[in-house]
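Please read the structure below before turning to the comments.
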Amino acid sequence: LDADSAYPLRHTWRNVTTIGTASDLLLADVQDMLKKLQTDIGFHYIKINGIFSDDLHVYNESPSGDMILNFAYIDKVLDFLASCHLMPWIQLSYMPEKLAKHPNRRLFNANVSQPRSNETWCQLVSSFLTHIMQRYGTEDVVQWRFSVWNQPDTDTNLYGFDRPDDFFLFYKATYECVKQISSDLVFCLPPTFYVVDDHYDNWYLAFLEKCRKHQCLPDCLNFTYYET
């Protein structure tokens, strides 16, 4: 290229990487891989799910039904990401079994049921957000990204809820409790399929219209894209 036709490259693909479930980040081999990835490439965000799954022992209940929370393993995950200079993109998922409406609804070793109580779910989310803001500082956490659940546009054999309205109420309750903690927290559209086809009815379009009507529009979009 001559000087007149040259232009700087924008490496937008380095904005975000992913690792799968949060508990994977407790494995030494995965940590070594991610350290090398950061040394050789250097990403900005990392998307993780499963922070509330039972393998991190976050949620429990006393015999009388009182909530018992333990963020020790989540702290280990987030401390490691901070040491790698990675900003978490946290998908608030999946459902702790003792909070699940359907305790036996499992997929990829995670409970994918809706909660038996949106109010209790929001107490968990609010406690978690308060904890990380105290631990990592508000200035840092408002630079992170948050979303809730995964592919709600699928059926109940995957991640879908029994009724579409159930998911919207779950989303809206989560959105409101996140924004009550801090309106500066960035809350994104739940990861949904995106299909490039004029004849395909993309789920997120109607969902966003409903969010606009009920004043709970996400701050950014979040898609699962398969080139098939």
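Each residue takes its place number in the sequence, starting with 1.
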Item to check | Backbone N/O of Tyr94 and side chain of Asn111: donor-acceptor pair under 3.5 Å | outcome: no

Checklist outcome for this item: Here the pair of heavy atoms bringing Met133 nearest to Ser182 is CE-CB, 4.0 Å

Checklist entry - Same hydrophobic cluster for Val186 and Leu189, using side-chain heavy-atom links shorter than 4.5 Å among ILVMFWY? => result no

Checklist entry - Is there a side-chain contact between His44 and Arg14, using heavy atoms and a 4.5 Å cut-off? => result no

Next on the checklist: Is it the case that atom NZ in Lys76 sees more than 12 heavy atoms from other parts of the structure closer than 6.0 Å?
Outcome noted: no

Item to check | Student check: side-chain heavy atoms of Pro190 and Tyr171 closer than 4.5 Å | outcome: yes

Checklist entry - Phe108 vs Tyr159 aromatic rings, parallel, tilted or perpendicular, using cut-offs 30° and 60°? => result tilted

Checklist entry - Side chains of Pro152 and Phe168: closer than 4.5 Å at any heavy-atom pair? => result no

Item to check | Heavy-atom check, side chain of Thr120 versus side chain of Met67, under 4.5 Å | outcome: yes

Item to check | Stepwise side-chain contact (heavy atoms from CB on, under 4.5 Å) test for Thr192 and Asn222 | outcome: CA-CA 7 Å; Thr192 63; Asn222 189 7; over 6 Å; no

Item to check | NE2/His11: more than 12 non-hydrogen atoms of other groups inside 6.0 Å | outcome: yes

Checklist entry - Which pair of non-hydrogen atoms, one from Ile51 and one from Ile74, has the smallest distance, and what is that distance? => result O-CD1, 3.3 Å

Next on the checklist: For Leu86, run the side-chain contact (heavy atoms from CB on, under 4.5 Å) check against Ile19, Leu37, Leu34 and tell me which one passes.
Outcome noted: Leu34

Checklist entry - Under the criterion ring pair (Phe, Tyr, Trp, His ring centres under 6.0 Å), which of Trp121, Tyr59, Tyr73 is the partner of Phe52? => result Trp121

Next on the checklist: Determine whether Phe80 and Leu26 satisfy the following criterion, side-chain contact (heavy atoms from CB on, under 4.5 Å), listing intermediate values before the conclusion.
Outcome noted: CA-CA 9 Å; Phe80 170 71; Leu26 297 176; over 6 Å; no

Checklist entry - Using 4.0 Å as the upper bound for N to carboxylate O, is an ion pair formed by Glu61 and Arg116? => result yes

Next on the checklist: Hydrogens and angles aside, do Ser53 and Asp55 bring a side-chain donor and acceptor to less than 3.5 Å of each other?
Outcome noted: no

Checklist entry - Is the Trp203 ring parallel, tilted or perpendicular to the Phe207 ring (thresholds 30°, 60°)? => result parallel

Checklist entry - Where is the tightest heavy-atom contact between His131 and Asp75, given as atom of each residue plus distance? => result NE2-OD1, 2.7 Å

Item to check | Hydrophobic cluster membership, Leu185 vs Phe71, 4.5 Å side-chain cutoff | outcome: yes

Checklist entry - For Leu25, does its backbone N or O pair with a side-chain atom of Gln31 as donor and acceptor, under 3.5 Å? => result yes

Item to check | Carboxylate-amine/guanidinium contact Arg212 Glu209, below 4.0 Å | outcome: yes

Checklist entry - Taking atom CG of Leu92 and atom CD1 of Ile90, what is their separation to the nearest 0.5 Å? => result 7.0 Å

Next on the checklist: Check Arg135 with Asp79, please: is the shortest side-chain N to carboxylate O separation under 4.0 Å?
Outcome noted: yes

Item to check | Donor-acceptor contact present, side-chain Ser113 to main-chain Ala100, <3.5 Å | outcome: no

Checklist entry - Looking at CG of Leu107 and CG of Asn157, how far apart are the two atoms once the value is rounded to the nearest 0.5 Å? => result 9.0 Å

Checklist outcome for this item: Value for CZ (Arg105) from CE (Met95), rounded to nearest 0.5 Å, stands at 11.0 Å

Next on the checklist: Donor-acceptor pair, distance only, cut-off 3.5 Å: does the side chain of Asn70 make one with the backbone of His57?
Outcome noted: yes

Checklist entry - How about Phe161 and Trp149: are their ring centres within less than 6.0 Å of each other? => result yes

Checklist entry - Just by modelled atom types, is the Cys188 backbone N or O under 3.5 Å from a matching donor or acceptor in the Arg145 side chain? => result no

Item to check | Heavy-atom closest pair, residues Tyr175 and Gln215 | outcome: CE2-O, 3.9 Å

Checklist entry - Roughly how far, to the nearest 0.5 Å, is the CG atom of Asn60 from the CD atom of Glu97? => result 10.5 Å

Item to check | Chi angles and distances behind the ring pair (Phe, Tyr, Trp, His ring centres under 6.0 Å) call for Phe187, Phe146 | outcome: CA-CA 5 Å; Phe187 192 77; Phe146 298 90; 8.0 Å; no

Next on the checklist: Working note: Asp219 + Lys179, criterion side-chain contact (heavy atoms from CB on, under 4.5 Å); need CA distance, chi angles, decisive distance, verdict.
Outcome noted: CA-CA 11 Å; Asp219 299 307; Lys179 293 299 184 178; 2.7 Å; yes

Checklist entry - Would you find a donor on one side and an acceptor on the other, under 3.5 Å apart, between the side chain of Ser126 and the backbone of Gln123? => result no

Checklist entry - Under 3.5 Å, is there a donor-acceptor pair between the Asp162 and His102 side chains? => result yes

Next on the checklist: When you group the ILVMFWY residues by side-chain heavy-atom contacts below 4.5 Å and let the links chain together, are Leu56 and Ile68 in the same group?
Outcome noted: no

Checklist entry - Should Phe167 and Leu169 be counted in the same cluster of Ile, Leu, Val, Met, Phe, Trp and Tyr side chains packed under 4.5 Å apart? => result no

Next on the checklist: Walk me through whether Val112 and Arg106 qualify under side-chain contact (heavy atoms from CB on, under 4.5 Å).
Outcome noted: CA-CA 6 Å; Val112 291; Arg106 305 191 70 81; 6.0 Å; no

Checklist entry - Quick check: does any side chain N or O of Ser93 sit under 3.5 Å from a backbone N or O of Gly50, one acting as donor and the other as acceptor? => result yes

Checklist entry - Which of parallel (below 30°), tilted (30 to 60°) and perpendicular (above 60°) describes Tyr136 and Trp144? => result tilted

Next on the checklist: If I take atom CZ from residue Phe170 and atom NZ from residue Lys101, how far apart are they, to the nearest 0.5 angstrom?
Outcome noted: 13.0 Å

Next on the checklist: Closer than 3.5 angstrom, by distance alone: can the side chain of Gln38 be matched with the main-chain N or O of Cys84 as a donor-acceptor pair?
Outcome noted: yes

Next on the checklist: Strictly below 4.0 Å, N to O, side chains only: are Lys172 and Asp165 in salt-bridge contact?
Outcome noted: no

Next on the checklist: Can you give me the closest heavy-atom contact between Pro88 and Tyr45, atom names plus distance?
Outcome noted: O-CD2, 4.2 Å

Next on the checklist: Has Ser62 got a side-chain atom pairing as donor or acceptor with Asp66's backbone, closer than 3.5 angstrom?
Outcome noted: yes

Item to check | CE on Met33 to CG on Leu27, rounded to 0.5 Å | outcome: 10.0 Å

Item to check | Shortest non-hydrogen contact from Asn49 toward Gln91 | outcome: CB-NE2, 3.3 Å

Next on the checklist: Regarding Asn15 and Thr12, do their side chains bring together a donor and an acceptor under 3.5 Å, going by distance alone?
Outcome noted: no

Checklist entry - Any sub-3.5 Å donor-acceptor pair from Arg163's side-chain atoms to Asp166's backbone N or O? => result no

